[in-house]
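Bear in mind that the values here come from a model prediction, so they are computed numbers and not experimental data.
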Amino acid sequence: QVQLVESGGGLVQPGGSLTLSCAASGRIFSIGAMGWYRQAPGNQRELVAVITSGGSTNYADSVKGRFTISRDNAKNAVYLQMNSLKPEDTAVYYCYLDIRVSTSGSGTRYWGKGTLVTVSP
């Protein structure tokens, strides 16, 4: 009923920039928090950034000052602007949205399928 589509990953040189996008479609009543995780080879999935329904943001220490998360409620979308990229930012990035599909009940966390970001000379 709800699908998330991610885009924007790719290969970039150190110091470069990329913007990831994630948009939800389907039966959506409201969306709470949105965010991004990432998982590098051999590592556990880690939280990169989160934005609440009120617009408050939080970032992993490793990306503060370089990454910016934003949301467009009209488009049911979340974005991650990544600047000054480093090789250690290489990972598969996953978006999530906490979505309510009706007026009753609590939200459900939906995940994107992931998009690969590779930072390499």
Side-chain angles (χ1 to χ4, degrees):
Q1 292 183 339
V2 175
Q3 290 186 327
L4 270 60
V5 177
E6 298 183 30
S7 62
L11 173 64
V12 64
Q13 293 184 342
S17 298
L18 280 177
T19 299
L20 306 183
S21 301
C22 175
S25 61
R27 182 179 177 182
I28 298 171
F29 174 73
S30 65
I31 303 177
M34 303 177 177
W36 293 89
Y37 277 74
R38 68 185 180 185
Q39 187 167 19
N43 290 355
Q44 290 186 334
R45 190 177 291 192
E46 64 171 349
L47 178 65
V48 176
V50 60
I51 184 166
T52 68
S53 58
S56 298
T57 59
N58 197 24
Y59 298 91
D61 288 342
S62 58
V63 307
K64 282 181 181 177
R66 300 188 298 122
F67 290 11
T68 301
I69 188 171
S70 61
R71 61 191 286 164
D72 186 333
N73 293 325
K75 296 182 178 180
N76 296 327
V78 60
Y79 308 96
L80 187 68
Q81 172 69 44
M82 304 184 293
N83 299 325
S84 302
L85 283 160
K86 305 175 181 180
E88 51 263 42
D89 294 318
T90 296
V92 177
Y93 285 71
Y94 300 89
C95 65
Y96 76 84
L97 280 67
D98 292 337
I99 296 173
R100 292 175 64 194
V101 298
S102 68
T103 58
S104 61
S106 59
T108 299
R109 181 157 294 182
Y110 291 84
W111 291 91
K113 293 182 178 180
T115 184
L116 177 63
V117 173
T118 303
V119 185
S120 179

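No side-chain heavy atom of Val12 sits less than 4.5 Å from a side-chain heavy atom of Thr118. Side-chain contact between Leu47 and Tyr59: absent, with no pair of heavy atoms (C-beta onward) separated by less than 4.5 Å. Residues Val117 and Met82 have side chains in contact (heavy-atom distance under 4.5 Å, counting atoms from C-beta outward). Using a 4.5 Å cut-off on side-chain heavy atoms (C-beta onward), Leu97 and Val78 make contact. Looking at heavy atoms from C-beta onward, Ile28 lies out of side-chain contact with Tyr110 at the 4.5 angstrom threshold. Looking at heavy atoms from C-beta onward, Thr57 lies out of side-chain contact with Val50 at the 4.5 angstrom threshold. With contacts defined as side-chain heavy-atom distances shorter than 4.5 Å, the pair Ser102/Arg27 qualifies. Residues Ser120 and Pro87 have side chains not in contact (no heavy-atom distance under 4.5 Å, counting atoms from C-beta outward).
Judged by the 6.0 Å and 45° rule, Arg45 forms a cation-pi pair with Tyr94. A cation-pi arrangement is present between Arg109 and Tyr96 under the rule of less than 6.0 angstrom and at most 45 degrees off the ring axis.
Taking the six-membered ring for Trp, Trp111 and Tyr37 have ring centres closer than 6.0 Å.
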For the pair Leu80 and Val48, evaluate side-chain contact (heavy atoms from CB on, under 4.5 Å) and give the outcome as yes or no after the intermediate values. CA-CA 9 Å; Leu80 187 68; Val48 176; 4.2 Å; yes
If you apply the rule side-chain contact (heavy atoms from CB on, under 4.5 Å), what do you find for Val101 with Val2, and how did you get there? CA-CA 9 Å; Val101 298; Val2 175; 4.0 Å; yes
CA sep, side-chain torsions, deciding dist, call: Arg38, Val63, side-chain contact (heavy atoms from CB on, under 4.5 Å): CA-CA 12 Å; Arg38 68 185 180 185; Val63 307; 4.0 Å; yes
Are Cys95 and Leu4 close enough, and set up right, to give a side-chain contact (heavy atoms from CB on, under 4.5 Å), and what steps lead you there? CA-CA 8 Å; Cys95 65; Leu4 270 60; 3.8 Å; yes
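Classification of the Phe67-Tyr93 ring pair by plane angle, with boundaries at 30° and 60°, yields tilted.
One distance of note links CG of Asn73 with OG of Ser53; it measures 8.0 Å at 0.5 Å rounding. Atom CG of residue Leu20 and atom CD1 of residue Ile69 lie 10.0 Å apart, to the nearest 0.5 angstrom. The distance from the CG atom of Leu11 to the OG1 atom of Thr90 is 8.5 Å, given to the nearest 0.5 Å. We find the OG-CD distance between Ser17 and Gln81 to be 5.5 Å, quoted to the nearest 0.5 Å. Going from atom CZ of Arg71 over to atom SG of Cys22 covers 11.5 Å, rounded to the nearest 0.5 Å. A distance of 7.5 Å separates CE of Met34 from CD1 of Ile99, quoted to the nearest 0.5 Å.
Under a cut-off of 6.0 angstrom, the local environment of CD in Glu88 is crowded, with over 12 non-hydrogen atoms contributed by other residues, nucleotides or ligands.
Hydrophobic clustering places Ile51 together with Trp36 (ILVMFWY residues linked when any side-chain heavy atoms are closer than 4.5 Å, directly or through intermediates).
No side-chain donor-acceptor contact under 3.5 Å links Ser25 and Gln3.
At least one donor-acceptor pair closer than 3.5 Å links the side chain of Glu6 to the backbone N or O of Gly114. In this structure, the side chain of Asp89 engages the main chain of Lys86 through a donor-acceptor pair within 3.5 Å.
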